[in-house]
Amino acid sequence: MALLTYGFGHIPDKANVNVSITQNGEVEVTMGMADLGGGQPTTMSMLVAEVLGASLSDVSISLGDTQYPAAPFQGTFGSRTTFIAGNAAVAAATNARQQLLEAASKVLNADMGSLYTAGSRVFVTGSGQSASFGEILSGASGAGGIAGSGQYIHSSATSKSGFQFGACFAEVDVDTWTGKITTTNLVMVQDYGRVINPLAAEGQMQGAAMQGLAYGILEDYVVDTTTSQSITRDWLYYRVPTIADVPPMVAITLENPDPRGPLGAKGGGESMIICTHSAIRNAIANAIGIRFTSLPITPQSVLEALKGNEVP
Amino acid sequence: MSNGLLPELTPTSIPEFTFVSPKTVTEALLALGTFGSRAKIIAGGSDLLHLMKRDSLVPLPDVIVDIKGIDELRSLDFSADGGLTLGSLVTVGTIENSQVVADNYPLLAQAADDISSPQVRNVATVGGALSQQVWCSFLRNGLKCWRAGGSICYAIQEGADNRYYQSVMGGSDCYAVHPSDLAVALEALDASVVISGPYGTKTASVAEFLPGNVWVGGVLQSHILAPAEMVTSVRLPPPSSGGRYFYLKTRIRNVFDFAIASVAVNLTVTGSEVTSSRVVFGGIAPAPYRDLDVERALDGSAVASISADDVAALALSAATPLQKNGYKVDVAKGLLKEALGQLLL
C-alpha cells in the first residue's frame with residue numbers, strides 16, 4: 001500500500017460564474033470552464049441546484065466559451081475546478097437566491113426570513129404557502145428574470161490550504177519466469193471533503209489510478225542517445241493502458257468537509273496518480289523481495305533484479 | 001530539424017498514388033508485374049497505412065494494388081486428410097473465431113487471439129502477417145536505417161535502447177525482430193506458403209519464406225517476395241493424432257503490444273513418448289526461431305521423464321543478446337518452461 005497527500009489548486013487564481021433564473025423558472029449557469037471528462041458540468045449544476053433549492057433537472061449549464069466568465073481563470077487543471085470554480089458557482093447561486101427571495105417576499109407577502117427553497121419552489125415556513133420559481137418571476141408583481149453572479153478569489157493564502165489525503169492498496173502477480181507483472185486488485189481510499197457527485201468522484205479515482213498504474217509498469221518515454229530522437233512517439237511504443245490493463249478496482253470516498261471548499265468539497269481529480277504506482281511497487285516488493293527505485297518496472301527490471309543485476 | 005545525420009520526417013497526409021483493384025489473382029499479378037517495385041499490395045492495411053502515413057522513411061509505393069476484391073483469397077478450407085488452407089485474405093479475427101481452427105489447430109487460434117487488438121485483428125490478414133515490415137522502434141519513429149534507405153542500424157549503437165523489439169539471436173545489417181505471432185505458430189505447425197508470380201506458383205516453408213533479412217531489388221526485407229509476387233495461401237498439414245499444442249506470449253501491455261518473446265510448441269505424443277516436436281520462438285530474432293536443440297531433447301523422450309527446467313535450459317544456446325535485451329532470452333525460456341509444464345502434465 002501507499003499513502004498520498006496532494007496540495008490541489010496550488011496557484012493563486014480566481015473564478016467568475018453567472019447564475020440566472022428565467023421567468024419560466026429555468027436556472028442557467030454560464031462559465032468558461034472546460035469539460036475534460038471529469039464530470040465538471042454535472043458537479044457545477046449540482047452545486048448550484050443545492051444552493052438554490054432548485055431541481056437538478058431545471059438547471060442547464062453553458063461552458064467552454066470565451067464569451068462566458070472565466071472559471072477558473074487559469075484553466076481546468078491541477079484538480080482545482082471543483083474547488084475554485086465551484087466556490088464561484090456557490091457564490092453566484094447564493095446571489096441569485098438572495099434576489100429570488102427578495103422577489104418572493106413581495107409576491108408571497110412574507111418576511112424573507114421565513115422563506116426557504118426546495119424543488120424549484122419557494123415555501124413560507126409554517127404557512128403551507130408556496131410558489132414555483134417561475135410563478136414568482138413571471139407574475140404581474142414578479143421581478144422578471146434574475147441575473148446573479150459570483151466570484152471567488154483563490155489568494156496566495158487560500159491556495160496553500162487545500163490538501164487531499166488518501167491511500168491505495170495493490171495486489172500483484174509477478175511471474176518470476178517471464179518477469180510479467182499483473183495487477184490483480186486495487187483498493188483506493190480518498191478524502192474528498194464532501195463528495196458532490198459520487199459517480200464522478202469514483203470515476204476520477206479509477207482514472208487517476210490507471211494513470212498511476214501506467215506510470216508504474218507501462219509508460220516509458222525513450223530518447224535514443226545516438227540521434228537524440230524520441231523512439232516512443234506514438235501510442236504503440238508509448239504504452240498507455242487499455243481496458244485490458246484495468247484490474248478490478250474498489251474506490252472508497254471519505255468525507256471530512258473542508259471549511260473553505262464549496263459545500264465542503266475538495267478538488268481530487270488527480271490524487272490517486274500519486275500513490276498507485278507506489279502501492280504496486282510495494283506489492284512487487286512484498287511478492288519478490290525487491291524494492292525498485294526507478295519506473296516503469298518491466299519484465300526486464302524484474303528478471304535482471306532477480307539475478308542480482310543492474311538494469312543495463 | 002535535420003541534424004545532418006537524419007533527414008526531416010514530418011508526418012503528413014498520405015502521398016498521392018494510383019489505385020488498382022484487381023478482381024483475380026491473374027489481374028493482381030499483371031499489375032504487380034507492370035509496376036514492379038513502385039507497387040505495393042494492400043489488404044487490411046494495418047501495416048501499409050502506417051507506412052503511408054510516414055511513420056518511417058521506408059520507400060513508399062506510388063501504385064497501390066488492392067486485393068480485397070479477390071474473393072478466391074478469402075477461403076478457409078479444412079479436410080481431415082488434406083489439412084487447412086488459409087487464403088491470404090483470411091483475417092486474423094476469422095482464424096481467432098473459427099471453430100475448425102480451434103478444434104484442429106488450437107495453437108493457431110491462441111496465437112491469433114494474442115495479436116494486437118480486436119480492431120486490428122478484424123482487418124489484418126494472413127498474407128500481411130507474413131509480409132509485414134518490422135516494427136522496430138527506431139525504424140518506425142523515422143530513423144533512416146538499413147530498411148529506410150540508410151546504412152546504419154541504430155539499435156546496435158552504443159547506448160541504444162534495444163530492450164524491446166531487437167534481436168537476441170543476431171542480425172544481418174538489420175537487428176529488428178520479426179513481429180508476427182501468426183508466423184511463429186505457422187512455422188511450429190509446419191505450414192507452407194504458396195506464392196504466385198509471373199511463372200505460376202511455388203511453395204516455401206515458413207523458414208524459407210522468412211529468412212529474416214534479405215536484399216530484394218535493393219530493398220532490405222524480412223521475406224523473399226519479389227515485387228512481382230504475392231502470397232495467395234498458406235497450407236497446414238493435417239493435425240496429428242496425439243498432437244499437443246501451446247502458444248504463449250509475453251507483452252508488457254495486455255493488448256495492442258508486440259511480443260517481448262513468444263513460443264509455439266507442437267508436440268506429438270504417442271503412447272507415453274514424445275515422437276516429434278516443433279518448438280519455435282517469436283519476438284526474439286529477425287525471423288521465427290526454431291530451436292532444434294530443444295526439439296532433439298524432446299524427441300524420443302518419455303513424457304514422464306522430461307524436465308521442463310532442463311529442456312528450457314538448453315534453449316537458445318546460440319543467443320547473442322544486444323547491450324540491453326539479454327532478459328528477452330530469460331523471458332523466452334520462461335515461456336517454454338511454462339508451455340512444457342502445461343503440455344507434459
Side-chain angles (χ1 to χ4, degrees), chain A residues 172-184 210 213-248 280 294-312, chain B residues 1 3 5-6 9 11 50 55 116-118 135-144 152 154-165 248-258 260-261 263 308-309 312 321-338 341:
Chain A
V172 298
D173 276 348
V174 182
D175 185 329
T176 54
W177 289 355
T178 65
K180 171 80 175 180
I181 299 159
T182 307
T183 309
T184 54
M210 283 313 297
L213 179 149
Y215 183 23
I217 62 174
L218 292 173
E219 294 172 13
D220 196 5
Y221 184 76
V222 179
V223 175
D224 173 50
T225 50
T226 308
T227 56
S228 304
Q229 303 281 307
S230 165
I231 55 167
T232 48
R233 292 192 314 185
D234 66 25
W235 306 128
L236 176 59
Y237 301 98
Y238 188 83
R239 298 183 183 86
V240 291
T242 72
I243 195 68
D245 301 292
V246 178
I280 290 171
S294 66
L295 300 177
I297 305 167
T298 63
Q300 180 186 33
S301 325
V302 170
L303 293 177
E304 295 291 1
L306 284 173
K307 290 201 284 192
N309 296 342
E310 295 285 319
V311 171
Chain B
M1 291 279 285
N3 59 9
L5 197 62
L6 297 163
L9 180 73
H50 277 267
D55 76 338
S116 192
S117 64
W135 289 84
C136 173
S137 42
F138 294 87
L139 173 72
R140 295 285 184 156
N141 282 281
L143 300 188
K144 194 176 180 185
I152 182 174
Y154 290 95
I156 58 171
Q157 304 306 308
E158 177 67 25
D161 196 301
N162 45 37
R163 278 178 289 170
Y164 298 124
Y165 307 125
L248 276 174
K249 170 179 178 177
T250 291
R251 50 186 162 180
I252 292 180
R253 181 165 51 192
N254 289 332
V255 72
F256 192 49
D257 209 352
F258 291 107
I260 297 301
V263 70
D309 272 351
L322 301 172
Q323 195 179 1
K324 297 187 178 178
N325 68 2
Y327 79 103
K328 281 165 71 87
V329 176
D330 300 329
V331 175
K333 290 182 176 193
L335 289 174
L336 176 62
K337 209 155 63 160
E338 202 168 321

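Here is the naming used below: chain letters follow the sequence lines, and residue numbers restart at 1 for every chain.
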Novice: Please determine, among A:I243, A:L218, A:V311, A:V302, the option with the most heavy-atom pairs under 4.5 Å with chain B.
Specialist: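 That would be A:L218.
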Novice: Sorted by first residue and then second, give each salt bridge (Lys or Arg N to Asp or Glu O under 4.0 Å) pair with at least one member in residues 215-230 of chain A; sequence neighbours left out.
Specialist: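 Qualifying pairs, neighbours excluded: A:D220-B:R163.
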Novice: Please flag which part of A:T232 lies under 4.5 Å from any non-hydrogen atom of chain B: side chain, backbone, both or neither.
Specialist: backbone
Novice: Given the rule in the side-chain contact (heavy atoms from CB on, under 4.5 Å) test, do B:W135 and B:H50 qualify, once you have shown the distances and angles that lead to the verdict?
Specialist: CA-CA 10 Å; B:W135 289 84; B:H50 277 267; 3.6 Å; yes
Novice: Can you sort out the partners of A:W177 under side-chain contact (heavy atoms from CB on, under 4.5 Å), two or more places apart, ordered by chain and number?
Specialist: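 With sequence neighbours excluded, A:W177 shows a side-chain contact (heavy atoms from CB on, under 4.5 Å) to A:D175, B:K337, B:E338, given in chain and number order.
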Novice: Give, as side chain, backbone, both or neither, the part of A:I181 having an atom under 4.5 angstrom from any heavy atom of chain B.
Specialist: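 For A:I181, neither part sits under 4.5 Å from chain B.
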Novice: With only heavy atoms counted, which part of A:E304 is less than 4.5 Å from chain B, the side chain, the backbone, both or neither?
Specialist: side chain
Novice: Please state whether the side chain, the backbone, both or neither of A:T176 comes within less than 4.5 Å of a heavy atom of chain B.
Specialist: neither
Novice: Please look at A:V223 and chain B and tell me whether the side chain, the backbone, both or neither of the residue comes under 4.5 angstrom of a heavy atom of that chain.
Specialist: neither
Novice: Do any N or O atoms from the side chain of A:K180 and from the backbone of B:I252 form a donor-acceptor pair under 3.5 angstrom?
Specialist: yes
Novice: Going by heavy atoms in the side chains, are B:R253 and A:T242 under 4.5 Å from each other?
Specialist: yes
Novice: Shorter than 4.5 Å, heavy atoms on both sides: which option in A:T182, A:T225, A:D245, A:L303 has the most such pairs with chain B?
Specialist: A:D245
Novice: Answer with side chain, backbone, both or neither: which region of A:L236 has an atom nearer than 4.5 Å to a non-hydrogen atom of chain B?
Specialist: both
Novice: Students often mix this up, so state it plainly: with edges at 30° and 60°, are the rings of A:Y237 and B:Y165 parallel, tilted or perpendicular?
Specialist: perpendicular
